Asks: 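The structure under discussion is supplied below as structure tokens; questions concerning it will follow.
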Amino acid sequence: MSKGFQHQFWQAVKKGAEEEAAKQGARITFEGPATEADVEAQVTMLTNALAKKPAAIGFAALDSKAAAPLLQQAKSAKIPVIAFDSGVDSDIPVTTASTDNKAAAAEAAKHMSDLLGGKGKVALVVHDQTSRSGIDRRDGFLEWMKANAPGITVLPPQYGGGDQAKSADITKSIIAANPDIAGIYGSNEGSAIGVIKGVEESGKKGIKIVGFDSGKAQIDAIKNGTMAGAITQNPIGIGQQLVIAAMKAIKGENQPKVIDTGFYWYDKTNIDKPEIAAVLYQ
């Protein structure tokens with residue numbers, strides 16, 4: 001059960017999960033709410049999924065606290081839960097197949113600092129402060145800047161819910177309040193595309209934009225120079241590892257607590273390389 005379907009990222013995770021399931025002869029259903037703001041819808045879907053008594057459940061929590069009672073229910077029913085993407089703040093999942101979001105966000109901060117020559121004012125447009133990925137992609141960026149870039153002033157993070165229009169509006173407000181802004185970081189596909197749109201609509205030139213994930217709009221922005229670069233996860237790999245972990249859990253095999261699915265920085269210089277092209281999705 002994913003976090004939503006409005007981003008191409010989830011379509012890529014679904015593709016990886018379905019390919020692996022076909023290989024293993026497993027029957028899977030892949031579902032998620034319409035948007036990443038639909039916490040209640042996701043909780044309802046999880047309730048319905050548990051009622052069908054599956055052999056295992058893969059779950060990417062929008063809100064770990066809201067899902068906690070249901071995870072307890074899965075545990076009581078002896079249905080193994082495999083967390084994926086942002087994981088779940090709980091010790092119930094057998095394992096979590098995800099990107100090391102903190103390390104990935106630190107990498108984004110390092111590139112931002114390099115692009116700015118270690119000085120200037122930087123803003124963050126983050127997708128949320130309730131999911132593990134939202135928290136880690138914010139904190140990884142902030143902590144790296146604090147430890148390594150004394151010449152960079154980081155503004156308090158703003159939250160756009162991963163929504164492009166809302167993130168674009170936030171970006172325009174940031175620019176209006178800080179005409180000297182040098183760089184803006186968007187923490188997921190919707191946030192980053194919103195930042196690109198907001199900068200374009202503001203008419204302000206010279207702002208360095210660093211994003212997260214891919215999708216056609218970010219790829220185009222990197223190719224045409226609007227965006228400096230971004231971090232991509234390995235969504236197909238996340239889907240594959242999720243199914244592999246679920247099959248192992250069903251058989252009762254031991255697994256590590258975390259399966260690190262990797263990440264990459266991409267920009268104009270490497271976007272067409274085969275190893276990068278393989279982890280981008282449009």
Side-chain angles (χ1 to χ4, degrees), residues 2-4 6-13 35-36 60 62 84-87 98-115 122-145 154-155 157-164 166-168 170-171 174 183-199 207-223 226-238 260-268 270-271 276 279-282:
S2 82
K3 284 189 182 179
Q6 93 273 41
H7 295 152
Q8 289 157 338
F9 176 83
W10 295 111
Q11 303 295 344
V13 175
T35 80
E36 294 187 21
L62 281 173
F84 68 103
D85 181 56
S86 72
S98 75
T99 307
D100 183 339
N101 281 302
K102 243 178 158 179
E107 183 77 5
K110 179 180 174 297
H111 281 277
M112 177 69 87
S113 176
D114 290 348
L115 287 160
V122 169
L124 289 79
V125 178
V126 180
H127 52 291
D128 68 53
Q129 48 188 331
T130 56
S131 76
R132 199 63 258 166
S133 71
I135 295 162
D136 286 350
R137 288 187 206 165
R138 174 194 68 197
D139 293 353
F141 189 93
L142 294 174
E143 287 165 15
W144 190 93
M145 285 296 193
V154 183
L155 297 175
Q158 305 274 335
Y159 302 94
D163 180 84
Q164 292 180 23
K166 197 174 168 193
S167 300
I170 288 171
T171 301
I174 290 170
I184 306 177
Y185 159 67
S187 69
N188 78 343
E189 187 182 337
S191 311
I193 293 167
V195 170
I196 293 164
K197 282 186 174 162
V199 169
I207 296 174
K208 301 290 185 199
I209 306 171
V210 167
F212 213 108
D213 295 325
S214 62
K216 188 172 179 353
Q218 279 197 85
I219 290 169
D220 289 349
I222 286 172
K223 287 186 170 172
T226 319
M227 183 179 231
I231 298 283
T232 180
Q233 309 182 75
N234 179 0
I236 289 176
I238 291 174
D260 185 348
T261 52
F263 63 85
Y264 307 86
W265 166 263
Y266 67 106
D267 56 23
K268 237 178 183 162
N270 69 351
I271 197 164
I276 296 295
V279 292
L280 299 180
Y281 45 93
Q282 311 208 31

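Small disclaimer: the values here were computed from a predicted structure and weren't measured. Here, residue 1 is the first one in the sequence, and each next residue gets the next number.
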Asks: Show your reasoning for whether side chain to side chain contact (heavy atoms under 4.5 Å, CB included) applies to Thr99 and Ile231.
Replies: CA-CA 11 Å; Thr99 307; Ile231 298 283; 5.9 Å; no

Asks: Would you please say whether a donor-acceptor pair under 3.5 Å links the side chains of Glu189 and Trp10?
Replies: no

Asks: Decide side chain to side chain contact (heavy atoms under 4.5 Å, CB included) for Val279 and Gln233; before the verdict, give the C-alpha distance in whole Å, the side-chain angles of both, and the deciding distance to 0.1 Å.
Replies: CA-CA 7 Å; Val279 292; Gln233 309 182 75; over 6 Å; no

Asks: List in chain and number order the residues that pass salt bridge (charged side-chain N to carboxylate O under 4.0 Å, His left out) with Lys208, two or more places apart in sequence or in another chain; answer none if no residue qualifies.
Replies: none

Asks: Which residues pass the salt bridge (charged side-chain N to carboxylate O under 4.0 Å, His left out) test with Asp267, not counting sequence neighbours?
Replies: none

Asks: Contact between Thr226 and Val199 at the side-chain level, heavy atoms closer than 4.5 Å - yes or no?
Replies: no

Asks: Has Ser214 got a side-chain atom pairing as donor or acceptor with Tyr281's backbone, closer than 3.5 angstrom?
Replies: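 Yes, the answer is positive, given that a donor and an acceptor are paired below the 3.5 Å cut-off.
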
Asks: Looking at residues at least two apart in the chain, or sitting in another chain, which of them share a side chain to side chain contact (heavy atoms under 4.5 Å, CB included) with Tyr159?
Replies: Val126, Gln129, Arg138, Pro157

Asks: Between Thr232 (side chain only) and Asp213 (backbone N and O only), is there a donor and an acceptor less than 3.5 Å apart?
Replies: no

Asks: Going by the rule ring-ring contact (aromatic ring centres under 6.0 Å, His included), which residues pair with Trp265 if we only count those two or more places apart in sequence or in a different chain?
Replies: His111

Asks: What pairs with Ala105 under side chain to side chain contact (heavy atoms under 4.5 Å, CB included), at least two apart in sequence or on another chain?
Replies: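 Scan of Ala105 (side chain to side chain contact (heavy atoms under 4.5 Å, CB included), adjacent residues dropped) gives Arg137, Phe141, Tyr185.
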
Asks: Check whether the side chains of Ser187 and His127 place a donor and an acceptor atom closer than 3.5 Å, and report yes or no.
Replies: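 Indeed, the side chains of Ser187 and His127 share at least one donor-acceptor pair under 3.5 Å.
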
Asks: Side chain to side chain contact (heavy atoms under 4.5 Å, CB included) with Ala168: which residues, sequence neighbours excluded?
Replies: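 Ala168 satisfies side chain to side chain contact (heavy atoms under 4.5 Å, CB included) with Lys197 once adjacent residues are dropped.
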
Asks: Please answer whether the main-chain N or O of Ala109 pairs with a side-chain N or O of Ser113 as donor and acceptor at a distance below 3.5 Å.
Replies: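 Checking the backbone N and O of Ala109 against the side chain of Ser113, no donor-acceptor pair under 3.5 Å is found.
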
Asks: Can you tell me which residue pairs pass the salt bridge (Lys or Arg N to Asp or Glu O under 4.0 Å) test with a partner in residues 98-108, sequence neighbours excluded?
Replies: Lys102-Glu143

Asks: Under the rule for side chain to side chain donor-acceptor pair (under 3.5 Å), what residues qualify as partners of Asp136, not counting sequence neighbours?
Replies: Arg132

Asks: Partners of Ala230 by side chain to side chain contact (heavy atoms under 4.5 Å, CB included), sequence neighbours excluded?
Replies: Gln218, Ile222, Tyr266

Asks: Taking salt bridge (charged side-chain N to carboxylate O under 4.0 Å, His left out) as the definition, give me every residue that meets it alongside Asp139, ordered by chain and number, with sequence neighbours left out.
Replies: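 Asp139 satisfies salt bridge (charged side-chain N to carboxylate O under 4.0 Å, His left out) with no other residue.
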
Asks: Just to verify, what does Phe84 make a ring-ring contact (aromatic ring centres under 6.0 Å, His included) with, not counting sequence neighbours?
Replies: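 Partners of Phe84 by the ring-ring contact (aromatic ring centres under 6.0 Å, His included) criterion come out as none, since no residue qualifies.
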
Asks: Go through the structure and list residues passing salt bridge (charged side-chain N to carboxylate O under 4.0 Å, His left out) with Asp85, not counting sequence neighbours.
Replies: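 Counting only residues at least two positions away or on another chain, Asp85 forms a salt bridge (charged side-chain N to carboxylate O under 4.0 Å, His left out) with Lys3.
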
